[in-house]
Amino acid sequence: MSFSNLSIVSKKIIVTRLVCFFWLAAKVISWKVWLAERLFPVVPPFNSLFVHSSIHLFLFIVSLLELLALLLFPQNKLLQIGVIIIEVLSCLLDQNRWQPWEYQYIFIILALVINYKNDKSAVSIIAFIFAAVYFYSGFSKMNVVFSQSIENALTRSGIFHTSNSHLYNFLIYHIGHFSGIIEVCLSICLFFQRTRKIAAIFLILMHFLILAIFGPFGINYDIIIWPWNIGMILLLYVLFICNPAASLELQSIKKGWNKLIIVLFGVLPVLNFFGYWDFWLSHSLFSSKPPDMYICIKKTGSSKALQSFFIINKNKFLCDSNSIIINVRAWSFQELKVPAYPELRIYKNIKSQLLKRYPDMDATFIVLIYTNGQKVRIELK
């Protein structure tokens with residue numbers, strides 16, 4: 001089979017198998033987030049969805065089996081529908097499972113189901129999902145806090161140094177903005193046959209750079225994004241480089257239930273800029289805009305069970321010097337191998353559950369929220 005002239009049917013099969021393989025890898029790595037027996041609170045969207053831990057375990061096992069079966073039989077519609085049902089049920093039991101890769105993979109499989117008899121439309125709407133993710137991911141990075149974090153990381157690493165040159169300092173300060181602009185431009189180029197191949201090549205290079213920085217030969221951090229980035233590299237190659245003419249056809253993506261995916265991936269993320277749609281459902285990835293939560297503990301009490309997640313306070317902006325801190329994002333990474341879902345409603349729920357579980361804990365719950373170009377400290381009431 002020639003990859004340069006890969007047929008639509010072959011593309012669809014390969015994309016399905018790649019998604020299932022890297023989805024399985026991500027779920028195995030993050031296995032604890034799919035179970036209820038853990039220290040990090042389970043946060044369903046409604047209190048009525050608190051269920052026995054055995055249901056979480058059952059859904060996790062069935063999910064792995066469904067994905068494995070779909071990997072072997074990628075064109076089986078019943079298996080595709082089964083994967084969607086199981087994943088949605090599991091995600092309804094804990095919003096921390098609404099990871100960006102989980103959201104993306106669910107809708108890729110949904111695209112296969114709603115376009116089961118139309119291979120061209122299926123491939124086109126999946127390609128649209130990719131273009132939308134890169135567009136909003138890049139757009140969300142065009143903010144001051146992201147640029148400052150990139151500048152600080154580069155200067156601390158010794159890659160760049162401060163200089164007397166105003167132009168040099170200007171470029172270093174705005175490198176975050178530039179990266180966002182480039183990602184947006186590349187996403188737009190994916191829509192056009194003449195430019196989508198070169199755009200895909202540059203996006204693949206971007207993923208290699210991410211792996212070089214965060215992977216085992218870099219800072220060895222955020223292991224959950226390793227399979228996602230490897231998968232994105234291979235999916236970009238199959239979708240946009242192999243036979244790029246048969247990738248993203250605008251006429252094909254407008255058919256039937258594809259409009260639902262267009263709204264969810266192309267329209268609703270705009271609402272995030274006004275505070276009406278979740279950050280991760282808007283592909284605001286690594287943008288420094290989602291809120292972060294910190295727990296400032298003066299008296300540990302029974303919360304000593306969490307002592308492996310305690311850190312010494314070195315930032316008086318967050319807590320007073322007598323407090324021990326839990327960085328909720330770091331706690332989630334350490335225990336679940338995924339970041340906590342970064343929304344205020346989730347943090348309020350986590351606070352409520354922790355105060356019930358450890359009533360003798362003397363703690364203040366702090367959230368850093370991005371507003372007016374900076375991170376602002378607020379105390380959760």
If only side-chain N and O atoms count, and only distance matters, is there a donor-acceptor pair under 3.5 Å linking [Y] with [X]?
{"X": "T364", "Y": "E379", "value": "no"}
{"X": "Y341", "Y": "D278", "value": "yes"}
{"X": "S124", "Y": "K120", "value": "no"}
{"X": "Q80", "Y": "N76", "value": "no"}
{"X": "E102", "Y": "W98", "value": "no"}
{"X": "W280", "Y": "S284", "value": "no"}

What are the two closest non-hydrogen atoms of [X] and [Y], and how far apart are they?
{"X": "K197", "Y": "I241", "answer": "CE-CG2, 3.8 Å"}
{"X": "H56", "Y": "V42", "answer": "CE1-CG1, 4.1 Å"}
{"X": "W34", "Y": "C91", "answer": "CZ3-SG, 4.3 Å"}
{"X": "P100", "Y": "W228", "answer": "CB-CH2, 3.6 Å"}
{"X": "R377", "Y": "L318", "answer": "NH2-O, 2.8 Å"}
{"X": "F279", "Y": "P291", "answer": "CE1-CD, 3.4 Å"}

Pairwise distance [atom1]([X]) to [atom2]([Y]) - rounded to 0.5 angstrom:
{"X": "I295", "Y": "I366", "atom1": "CD1", "atom2": "CD1", "result": "10.5 Å"}
{"X": "L281", "Y": "L271", "atom1": "CG", "atom2": "CG", "result": "11.5 Å"}
{"X": "I181", "Y": "K141", "atom1": "CD1", "atom2": "NZ", "result": "12.5 Å"}
{"X": "R97", "Y": "L336", "atom1": "CZ", "atom2": "CG", "result": "9.5 Å"}
{"X": "F58", "Y": "S53", "atom1": "CZ", "atom2": "OG", "result": "14.0 Å"}
{"X": "M293", "Y": "K348", "atom1": "CE", "atom2": "NZ", "result": "11.0 Å"}

Checklist entry - Distance under 6.0 Å and angle within 45° of the ring axis: does K351 meet both against Y294? => result no

Next on the checklist: Applying side chain to side chain contact (heavy atoms under 4.5 Å, CB included) to L236 and H207, what does each step give before you reach the verdict?
Outcome noted: CA-CA 10 Å; L236 279 167; H207 286 292; 3.8 Å; yes

Checklist outcome for this item: Residue set satisfying side chain to side chain contact (heavy atoms under 4.5 Å, CB included) with L209, at least two apart, ordered chain then number -> I213

Item to check | Test side chain to side chain contact (heavy atoms under 4.5 Å, CB included) applied to V83 and L79, step by step | outcome: CA-CA 6 Å; V83 165; L79 287 175; 5.6 Å; no

Judged by atom type as modelled, is there a donor-acceptor pair below 3.5 Å linking the side chain of [X] to the main-chain atoms of [Y]?
{"X": "S63", "Y": "L59", "result": "no"}
{"X": "K11", "Y": "D119", "result": "no"}
{"X": "S140", "Y": "Y136", "result": "yes"}
{"X": "Y116", "Y": "Q75", "result": "yes"}
{"X": "N229", "Y": "L211", "result": "no"}
{"X": "R196", "Y": "F191", "result": "yes"}
{"X": "Y276", "Y": "L268", "result": "no"}
{"X": "S90", "Y": "I86", "result": "no"}
{"X": "S303", "Y": "T300", "result": "yes"}
{"X": "S30", "Y": "A26", "result": "yes"}

[X] versus [Y]: any side-chain heavy-atom pair under 4.5 Å?
{"X": "M361", "Y": "L355", "answer": "yes"}
{"X": "I297", "Y": "D362", "answer": "no"}
{"X": "T195", "Y": "L186", "answer": "no"}

Checklist outcome for this item: Only one of F135, F265, F107 passes ring-ring contact (aromatic ring centres under 6.0 Å, His included) with H283, and that residue is F265

Checklist entry - Under the side chain to side chain contact (heavy atoms under 4.5 Å, CB included) criterion, do V184 and Y134 qualify, and how do the steps go? => result CA-CA 6 Å; V184 167; Y134 288 119; over 6 Å; no

Checklist entry - Got a sec: does the CZ of F22 have more than 12 other heavy atoms crowding it under 6.0 Å? => result yes

Checklist entry - More than 12 foreign heavy atoms under 6.0 Å from CG of D360: is that the case here? => result yes

Item to check | ring pair (Phe, Tyr, Trp, His ring centres under 6.0 Å) between F40 and W331, intermediate numbers included | outcome: CA-CA 8 Å; F40 198 93; W331 173 12; 4.9 Å; yes

Next on the checklist: Between I326 and I311, does the side chain to side chain contact (heavy atoms under 4.5 Å, CB included) criterion hold? Intermediate values first, please.
Outcome noted: CA-CA 6 Å; I326 293 180; I311 57 176; over 6 Å; no

Checklist entry - Could D292 and K375 be called an ion pair, given the rule that one side-chain N must be under 4.0 Å from one carboxylate O? => result yes

Item to check | Residue pairs passing the side-chain hydrogen bond (donor to acceptor under 3.5 Å, both in side chains) test where at least one lies in residues 255-266, sequence neighbours excluded | outcome: N115-N258, S121-N258

Next on the checklist: Under 4.5 Å between side-chain heavy atoms, counting indirect links through other Ile/Leu/Val/Met/Phe/Trp/Tyr residues: same cluster for V9 and V113 or not?
Outcome noted: no

Checklist entry - Can you get from L18 to L72 by hopping between Ile, Leu, Val, Met, Phe, Trp and Tyr side chains that sit under 4.5 Å apart? => result yes

Checklist outcome for this item: For R38, the salt bridge (Lys or Arg N to Asp or Glu O under 4.0 Å) test, sequence neighbours excluded, returns D94

